[in-house]
Amino acid sequence: GAVEVTTKESADAVLINRILMVPPELAIDLASVMNAVQQSIEPEGWLAAGGNSSILPLSNLLILRAPLSTHYAVQDMLSEMVRKIKAVQN
């Protein structure tokens with residue numbers, strides 16, 4: 001295989017489609033989850049702010065079109081939200 005070296009700017013210019021499963025603890029209010037994501041992770045990058053990234057709900061899924069770094073950040077945020085909810089419940 002080949003290794004490709006690039007800059008963050010070049011990598012962030014490529015939008016990737018992924019479907020993320022929303023953990024059951026967060027699926028109750030997808031609108032709030034989506035709002036938190038858009039306000040916290042690259043706020044200027046979302047369509048609503050004039051950017052190119054998008055996030056759409058579908059049942060307990062989020063359909064995300066964004067740079068790979070945004071996908072990782074969203075996944076990390078969802079995991080952290082679940083950890084916090086579980087900590088409060090225990």
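Each residue takes its place number in the sequence, starting with 1.
Through side-chain heavy atoms spaced under 4.5 Å, either directly or across other Ile, Leu, Val, Met, Phe, Trp or Tyr residues, V5 is tied to no other residue.
To the nearest 0.5 Å, the span separating CE on M77 from OG1 on T70 amounts to 12.5 Å.
Residues forming a side chain to side chain donor-acceptor pair (under 3.5 Å) with R65 (at least two apart in sequence, or on another chain): N17. For E4, the salt bridge (charged side-chain N to carboxylate O under 4.0 Å, His left out) test picks out no residue, with sequence neighbours left out.
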Acceptor/donor pairs from residues 80-90 side chains to any protein atom, 3.5 angstrom cut, sequence neighbours excluded:
unit_1	atom_1	unit_2	atom_2	d
E80	OE1	R83	NE	3.2
E80	OE1	R83	NH2	2.8
N90	ND2	K86	O	3.2

Enumerate donor-acceptor pairs with a distance under 3.5 Å from any side-chain N or O in residues 21-31 to protein atoms, sequence neighbours excluded.
unit_1	atom_1	unit_2	atom_2	d
D29	OD1	S32	N	3.3
D29	OD1	S32	OG	3.3
D29	OD2	S32	OG	2.5

Hey, can you pull the donor-acceptor pairs under 3.5 Å for the side chains in residues 35-63, sequence neighbours left out?
unit_1	atom_1	unit_2	atom_2	d
S40	OG	A36	O	2.8
W46	NE1	I41	O	2.8
W46	NE1	E42	O	3.4

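Looking at heavy atoms from C-beta onward, V14 lies out of side-chain contact with L68 at the 4.5 angstrom threshold.
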